[in-house]
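Please read these numbers as outputs of a predicted model, since none were measured by experiment. Only this structure's heavy atoms are used, side chains among them; waters, hydrogens and symmetry mates stay out.
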Amino acid sequence: MQFIVEALVVSAIGGAIGVAAGLGTGALAKTFGMPVSFTPGPIALAFACAFFTGLLFGFLPARNASRLQPAVALSSD
């Protein structure tokens with residue numbers, strides 16, 4: 001469970017930073033006269049993709065680690 005929570009926190013922070021960077025870049029482009037519009041759908045989709053990617057790639061290693069015996073896991077590289 002710890003691996004999954006850590007992966008979700010990291011991916012949520014990364015998704016939030018990505019969304020903020022995209023909004024900031026769009027706002028900067030708008031100041032140069034480029035037509036930019038922000039809608040909630042693509043913003044939510046970008047955040048959800050980051051979140052679920054973190055969930056998937058956090059779950060797989062956690063599942064593999066949970067199947068190991070603690071003594072074997074600690075003795076291997």
Starting at CZ of Phe3, measure out to CG of Leu60 and round the result to the nearest 0.5 Å. 13.0 Å

Between CG on residue Leu45 and OG1 on residue Thr39, distance to nearest 0.5 Å: 10.5 Å

CE of Met34 to OG1 of Thr25, rounded to nearest 0.5 Å, is 11.0 Å

Heavy-atom count around Phe47 CZ within 6.0 Å, excluding the residue itself: above 12? yes

How close do Ile4 and Gly58 get, heavy atom to heavy atom, and via which atoms? CG1-O, 4.0 Å

Same cluster for Leu56 and Phe52 if Ile/Leu/Val/Met/Phe/Trp/Tyr side chains link at under 4.5 Å? yes

Linking I/L/V/M/F/W/Y whenever their side-chain heavy atoms sit closer than 4.5 Å, directly or via other members, would Ile17 and Val19 fall into one cluster? no

Between Ala50 and Gly15, what is the shortest heavy-atom contact and its length? CB-CA, 3.8 Å

Same apolar cluster: Val5 and Leu55, side chain cutoff 4.5 Å: no

Please say whether more than 12 non-hydrogen atoms of neighbouring residues, nucleotides or ligands are located less than 6.0 Å from CZ in Phe57. no

Of all the heavy-atom pairs spanning Ser11 and Phe51, show the shortest one and how long it is. OG-O, 3.7 Å

If I compare all heavy atoms of Val36 with all of Gly26, which pair ends up nearest, and what's the gap? CG2-O, 3.7 Å

